[in-house]
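Letters A, B, ... are given to chains in the order of the sequence lines, protein chains preceding strands, and every chain is numbered from 1. In this text, all values refer to a predicted model and were calculated from it rather than measured experimentally.
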Number of protein chains: 2
Amino acid sequence: MSQVFKALGHPARRRIVEMLRAGPMTSGDIAAAFDDMTWPTVTGHLNALKDAGLVSTEREGASVRYRLRISAVEEAVGFLLELMGKAEPATDPKEAKNGNPA
Amino acid sequence: MSQVFKALGHPARRRIVEMLRAGPMTSGDIAAAFDDMTWPTVTGHLNALKDAGLVSTEREGASVRYRLRISAVEEAVGFLLELMGKAEPATDPKEAKNGNPA
DNA sequence: CTTGTAATTAGGATTTTTCCTAATTAGGCT
DNA sequence: AGCCTAATTAGGAAAAATCCTAATTACAAG
């Protein structure tokens, strides 16, 4: 969970996931959209997003396609909605930490 | 927006906002809930949350009460829902503070 | 004013993040 | 093979985050 929020804490990475909302893109296309940073820097951000589970990759010939993983977004949404009182805490045995009188 | 996500990227700070969901608390009560970090460290986290707009403060005698600011949470939710295709992009006057209709 | 409690700020050591250039891996093509 | 494009890794400098102890501010009560 920390990694997801941390990943979204950087403007460049938010911009990337926004771009991916329209559909998968290759590293090159993503990197080309940033004229203010180098390709390796973009790769670094993509790695951060991947480590957070926010994107997945598929190789396509010489290129690599990055795809948004909605399920990771849903996790974060769940936490926030719960914070707003609009969702119940996950009754997962794993992460249930708070006694929530809903 | 970066500050909100960054703030939520730390487990201690997520735990604090979760605690505040039940209602406002004083610094002392919050700090007392963390036996693994010192009071100044907790203050640091509270400052981060405040800078992000996630909490507000009111002095109450010698104590200071921290209150969760739902509106900041809503902003973040808006971004994520939009990412999931379940909400329209905010009518983007640069950085819409509050004016997000439904 | 002095003392005690609540809370924050100051200063600094350590770790992590960020972002560059240079080098490298991976794949396609002739 | 050799070469070109696509993409990532390596290495390191600079900046930011983390978290401590010590000092300080804010407030209430005697």
Find the distance between CE (Met19(A)) and OH (Tyr66(A)) and round it off to the nearest 0.5 Å. 12.0 Å
Measure the distance from CG on Asp51(A) to P on dT16(C) and round it to the nearest whole Å. 15 Å
Whole-Å distance between dT8(C) C1' and Arg65(B) CZ? 19 Å
Which whole-number value in Å describes the distance from Ile30(B) CD1 to dA7(C) C1'? 11 Å
Is the charged tip of Arg14(A) near the ring of Phe5(B): under 6.0 Å from the six-membered ring centre and within 45° of its axis? no
Rounded to the nearest Å, what distance is computed from the CG atom of residue Leu49(B) to the C1' atom of nucleotide dA7(C)? 16 Å
Output the distance between atom CG (Leu8(B)) and atom CZ (Phe79(A)), rounded to the nearest 0.5 Å. 6.0 Å
Within the structure, does a side-chain N or O atom of Arg59(B) lie under 4.0 Å from either OP1 or OP2 of dC27(D)? yes
Along nucleotides 9-21 of chain D, 5' to 3', which nucleotides get a B, which get an S, and which get a -, given that the test is a protein heavy-atom distance under 4.0 Å? B-------SSSBB
Rounded to whole Å, please give me the gap between CD in Glu60(A) and C1' in dA6(D). 12 Å
Taking atom CG of Leu20(A) and atom CZ of Arg69(A), what is their separation to the nearest 0.5 Å? 13.0 Å
For the backbone of Arg15(B) and the side chain of Arg13(B), can you confirm whether one donor and one acceptor N or O come within less than 3.5 Å of each other? no
Rounded to whole angstrom units, what separation is found between the CG atom of Asp35(A) and the C1' atom of dC20(C)? 16 Å
Closest to the Tyr66(A) side chain, choosing from dG28(C), dT8(D), dC27(D): dT8(D)
Rounding to an integer number of Å, can you tell me how far Phe34(B) CZ sits from dA7(C) C1'? 16 Å
One pair to check against side-chain contact (heavy atoms from CB on, under 4.5 Å): Leu81(A) and Met84(A). What are the steps and the verdict? CA-CA 5 Å; Leu81(A) 289 184; Met84(A) 292 167 56; 4.2 Å; yes
Ignoring backbone atoms, test whether Ser63(B) places a side-chain nitrogen or oxygen under 4.0 Å from the OP1 or OP2 oxygen of dT5(C). no
Say you draw a straight line from CG of Leu46(A) to CG of Leu54(A); how long is it, rounded to the nearest 0.5 Å? 11.5 Å
From CD of Glu58(B) over to P of dC27(D), roughly how many Å is that when rounded to an integer? 15 Å
